[in-house]
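Each chain gets a letter, A, B and so on, in the order its sequence line appears, and its residues count up from 1.
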Protein chains: 2
Amino acid sequence: MTEEFMIGELAKRTDSKVPTIRYYEQIGVMPTAIRAHNNRRMYRNSHIKRLMFIRHSRALGFTLDDIRDLLALSDQPNHTCAEVDKIAKNNLENIQKKIRVLSIMEKEMQRMIFQCHGEKVSECLIITALADHAIAEKIKMTTSEKNDATITNHLG
Amino acid sequence: MTEEFMIGELAKRTDSKVPTIRYYEQIGVMPTAIRAHNNRRMYRNSHIKRLMFIRHSRALGFTLDDIRDLLALSDQPNHTCAEVDKIAKNNLENIQKKIRVLSIMEKEMQRMIFQCHGEKVSECLIITALADHAIAEKIKMTTSEKNDATITNHLG
DNA sequence: TCTTGCTCCTACAGTTACTATAGCATGTAT
DNA sequence: ATACATGCTATAGTAACTGTAGGAGCAAGA
């Protein structure tokens, strides 16, 4: 029942790269994998879930530190409500802001596609739409994230 | 009327760092700034807009290459429809997938906050909710992004 | 049995997108 | 005149990967 597989299979099933998985183990967001007799890392379905979660979150601009917090919520079900509440509320706001900005981008893209009737496009308002002081004000950017790198995004 | 200011002011007004702006000039996503008599870079409102756009996009996980494409749509209004269409459609899908995943995250966060009534949380379903095979299947992750680093997110 | 080929291992170098720091010049405030 | 902030260039460091070198393990075919 509890199917086991190696790192290459895990990489395939989560659409990530083998060195990335080893890197996640090294920095502690993935657990230290149990080794088979031949020293190879063995994984199960739970590892797919965890890795999927990490990859989705990274693709959306969450840092590995953010992700560590979120994973902690899941890893330690005996957190107090205050802790959960703080992390979850923080992230909820973060998520909602991202959705708001993405929705503006979405509308602008749709407008651009819609406007394309075979002639040349006379004016592209995407920057104005997104960087406009008024809009920026409305979205009320507040807090800040940390460093990333080389996201192979699952979200396209 | 056309107010001019230096790099520190631009950094303040866009909530970015001075070296980041110089870096963006170096790699060509910001234009080569016109220098004052004393060799200092001078900026105007248009630079704020462009930089805001770049920062917002980065915070949402778009790469500088993605952003270059988007900026090109705005910089060269004489693109053919085919070009605009291709870039815009590509990005539209990308954006919509990000929104779908963020919406799942949002609901899960709300559920967690809602469940918190002063006792201990018995079970956190966030990872299950987000990494579940069924859900991942439903979201149908397809294409991929590229590298990032050190995003100071405007979106919180 | 040998060997071709695939996947695994470790370890380290390279990439992207910044961020910080050093060392010096310029401008403003006292 | 001197202090101090800000600008400049140049270079090094960081985060989050990605690629590659060099070697081991195992399965299937010649």
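Nucleotide D:dA15 holds its P atom 15 Å from the CD1 atom of A:I67, rounded to whole Å. As rounded to whole Å, 10 Å separates atom P of C:dC18 from atom CG of B:L51. In this structure, CZ of A:R35 is placed 14 Å from C1' of D:dA24, rounded to the nearest angstrom. Between the P atom of D:dA16 and the CZ atom of A:R55 lies a distance of 11 Å, rounded to the nearest Å.
Heavy atoms of B:I27 sit nowhere under 4.0 angstrom from any nucleic acid atom. Within 4.0 Å (heavy atoms only), A:Y24 reaches sugar-phosphate atoms of the nucleic acid but no base atom.
Of all heavy-atom pairs spanning B:S16 and B:L51, the tightest one is OG-CD2, 3.6 Å.
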Check: For B:R58 and B:I67, what are the C-alpha separation, side-chain angles and deciding distance, and is it a side chain to side chain contact (heavy atoms under 4.5 Å, CB included)?
Finding: CA-CA 8 Å; B:R58 287 290 299 122; B:I67 294 166; 3.5 Å; yes
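Side-chain atoms of B:R41 lie closest to D:dC8 of the nucleotides D:dA16, D:dC8, D:dT18. Comparing C:dC18, C:dT10, C:dC8 against the side chain of A:M6 picks out C:dC8 as the nearest. You'll find that the side chain of A:T20 is closest to D:dT18, out of D:dT18, D:dT9, C:dT7. Taking the side chain of B:Y23 as heavy atoms from C-beta on, and the options D:dG7, C:dC18, C:dC9, the nearest nucleotide is C:dC18. Set against C:dC8, D:dT6, C:dC18, the side chain of A:I7 has C:dC8 as its closest nucleotide.
Within the helix from C:dA17-D:dT14 to C:dT30-D:dA1, the inter-axis angle between the opening and closing five-pair segments is 20°, rounded to 10°.
Residue pairs meeting the salt bridge (Lys or Arg N to Asp or Glu O under 4.0 Å) criterion with at least one partner in residues 19-37 of chain B, sequence neighbours excluded, are B:E25-B:R41. Counting only residues at least two apart or on different chains, the ring-ring contact (aromatic ring centres under 6.0 Å, His included) pairs with a member in residues 9-49 of chain A are A:Y43-A:H47.
For the atom pair CE of A:M42 and CG of A:L10, the computed distance is 11.0 Å after rounding to the nearest 0.5 Å.
For A:R40, there are no salt bridge (Lys or Arg N to Asp or Glu O under 4.0 Å) partners at least two apart in sequence or on another chain. A:Q26 meets the side-chain hydrogen bond (donor to acceptor under 3.5 Å, both in side chains) test with no other residue; sequence neighbours excluded.
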Next item on the list: Going 5' to 3' through nucleotides 21-30 of chain C, assign each nucleotide B (protein heavy atom under 4.0 Å from a base atom), S (under 4.0 Å only from sugar-phosphate atoms) or - (no protein heavy atom that close).
Entry: ----BBS---
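Counting only distance, with no hydrogens or angles, the side chain of A:R50 and the backbone of A:V29 share a donor-acceptor pair below 3.5 Å.
Comparing C:dT16 with D:dT9, their P atoms sit 22 Å apart, to the nearest whole Å.
Counting non-hydrogen atoms of neighbouring residues, nucleotides and ligands closer than 6.0 angstrom, the CD1 atom of A:I27 exceeds 12 such neighbours.
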